[in-house]
Amino acid sequence: MEGSLNAGGHSFGIVVSRFNAFITERLLASAVDALRRTGAKDKDIHIVRVPGAFEIPAAARALAQTGKVEAIICLGCLLRGETSNYEHICEEVTRGVGQSAQQTGVPHSWGVLTCDNLEQAIDRAGLKSGNKGFEAALAAVEMASLKQAISSQLSAVSEKQGVGGRELNVSGGAASEKQVPRFARNDKLKNRREKLGNARSDKVKSKSAKKKGR
């Protein structure tokens with residue numbers, strides 16, 4: 001099973017950082033272009049702007065929790081500087097986006113550039129290395145389609161299991177065909193013990209009678 005590149009009927013969220021806007025605006029334009037090319041309508045594309053990359057996870061989670069989008073595209077640009085701030089921000093943004101996707105169940109695609117310099121970022125925003133915003137949008141489209149396909153298949157399996165006269169218990173598992181009441185089981189066990197006791201008693205009487213006959 002795999003998703004398709006058909007955005008028709010799906011809704012998407014885009015969280016984009018304003019920091020390094022020279023790069024992020026190119027990523028955004030390309031992401032929107034990818035969604036439109038695959039069939040998404042403008043009314044189904046929701047764009048959220050945040051100050052910097054560090055704020056992307058919080059905005060993405062808030063957007064996912066609204067229940068109005070089926071996939072979220074995260075766009076930003078981080079450039080290595082002279083301090084360790086770059087490593088700290090990269091780590092937190094990556095972890096935050098991953099946690100948001102896992103805990104909300106809404107697919108998040110990664111379009112945050114982490115580059116050593118501006119030249120590398122430009123190459124990944126539409127020059128030598130393509131446009132990562134476009135690629136992130138295609139990933140979001142495929143994941144939205146895949147999630148729908150998985151949900152549809154699971155629903156079909158659940159409906160099929162519920163047909164055929166078998167009852168389903170609260171947890172969704174199949175119950176036994178006929179549940180025998182506990183008192184009935186106890187009576188059945190009692191009767192069996194009585195029969196066994198009577199058989200033993202008859203056997204003992206038979207042995208006694210044979211001894212007397214001798």
Side-chain angles (χ1 to χ4, degrees), residues 1-20 23-24 27-28 30-32 34-35 38-40 44-80 84-115 121 124-125 129-159 161 170-173:
M1 182 185 297
E2 61 182 5
S4 64
L5 292 177
N6 182 5
H10 297 291
S11 58
F12 300 90
I14 301 177
V15 180
V16 56
S17 166
R18 289 196 303 267
F19 193 74
N20 289 325
I23 299 297
T24 60
L27 297 175
L28 174 61
S30 193
V32 172
L35 293 178
T38 52
D44 295 325
I45 302 174
H46 308 277
I47 300 174
V48 177
R49 298 180 184 275
V50 294
F54 187 78
E55 289 75 30
I56 289 177
R61 180 185 292 269
L63 187 57
Q65 290 173 341
T66 64
K68 295 182 179 180
V69 296
E70 298 170 61
I72 296 175
I73 305 162
C74 300
L75 304 176
C77 179
L78 290 167
L79 300 178
R80 186 182 300 276
S84 62
N85 185 59
Y86 171 83
E87 284 80 7
H88 297 317
I89 298 296
C90 287
E91 182 178 351
E92 288 301 311
V93 175
T94 305
R95 181 181 60 84
V97 170
Q99 286 184 344
S100 177
Q102 294 170 4
Q103 294 175 4
T104 63
V106 177
H108 291 41
S109 65
W110 182 258
V112 180
L113 302 182
T114 54
C115 305
R124 288 160 178 76
S129 301
N131 192 303
K132 300 306 178 183
F134 193 94
E135 295 176 10
L138 293 182
V141 172
E142 184 172 349
M143 287 304 298
S145 174
L146 177 61
K147 184 179 178 182
Q148 183 184 53
I150 293 174
S151 299
S152 299
Q153 182 170 351
L154 291 178
S155 298
V157 171
S158 298
E159 290 177 1
Q161 289 178 345
V170 176
S171 62

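Index from 1, following the sequence.
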(message) Using only atom types and a distance under 3.5 Å, with no angle test, would you say the side chain of S100 pairs donor to acceptor with the backbone of G96?
(response) no
(message) How long is the straight-line distance from CD1 of I89 back to CG of L79, given to the nearest 0.5 Å?
(response) 12.5 Å
(message) Which residue is it: L113, I14, V16? I am looking for the one with a side chain to side chain contact (heavy atoms under 4.5 Å, CB included) to L27.
(response) L113
(request) Please answer whether the main-chain N or O of S30 pairs with a side-chain N or O of N131 as donor and acceptor at a distance below 3.5 Å. (result) no
(message) Run the side chain to side chain contact (heavy atoms under 4.5 Å, CB included) test against A137 and tell me which residues pass, sequence neighbours left out.
(response) A31, A34, L35, I73
(request) Taking all heavy atoms of I23 and all of A125, pick out the closest pair and write down the distance. (result) CG2-CB, 3.9 Å
(message) Given 3.5 Å as the limit, does a donor-acceptor pair link the side chain of T24 with the main chain of S17, or not?
(response) yes
(message) Could you measure the distance from the SG atom of C77 to the CZ atom of R124? Nearest 0.5 Å is fine.
(response) 10.5 Å
(request) Please report the shortest heavy-atom distance between R61 and T104, naming the atom on each side. (result) CG-CG2, 4.3 Å
(request) Work out which heavy atom in V69 is nearest to a heavy atom in A64; give both atom names and the distance. (result) CG2-CA, 4.4 Å
(request) May I have all residue pairs that pass side-chain hydrogen bond (donor to acceptor under 3.5 Å, both in side chains) and include part of residues 65-80, sequence neighbours excluded? (result) H10-E70, R80-E87, R80-D116
(message) Quick check for you: to the nearest 0.5 Å, what is the distance between M143 atom CE and H108 atom NE2?
(response) 11.5 Å
(request) Find the distance between CH2 (W110) and CG (L75) and round it off to the nearest 0.5 Å. (result) 10.5 Å
Please tabulate, for side-chain N and O atoms in residues 45-56, each donor-acceptor pair with protein atoms closer than 3.5 Å (sequence neighbours left out).
{"unit_1": "R49", "atom_1": "NH1", "unit_2": "E25", "atom_2": "OE2", "d": "2.6"}
{"unit_1": "E55", "atom_1": "OE1", "unit_2": "G52", "atom_2": "N", "d": "2.9"}

(message) Please find the pair of heavy atoms, one from A7 and one from V141, that lie closest to each other, and give the distance.
(response) N-CG1, 3.8 Å
(message) If you count heavy atoms of other groups shown closer than 6.0 angstrom to CZ of F19, is the number above 12?
(response) no
(message) Nearest 0.5 Å, please: how far is CD in E135 from OG in S129?
(response) 9.0 Å
(request) Spell out, as yes or no, whether a donor-acceptor pair under 3.5 Å connects the side chain of S152 to the backbone of Q148. (result) yes
(request) Over all heavy atoms of both residues, which pair between A144 and F12 is shortest? Give the atoms and the distance, please. (result) CB-CE2, 4.0 Å
(message) Check whether S145 reaches the backbone of S4 with its side chain - one donor and one acceptor, N or O, closer than 3.5 Å.
(response) yes
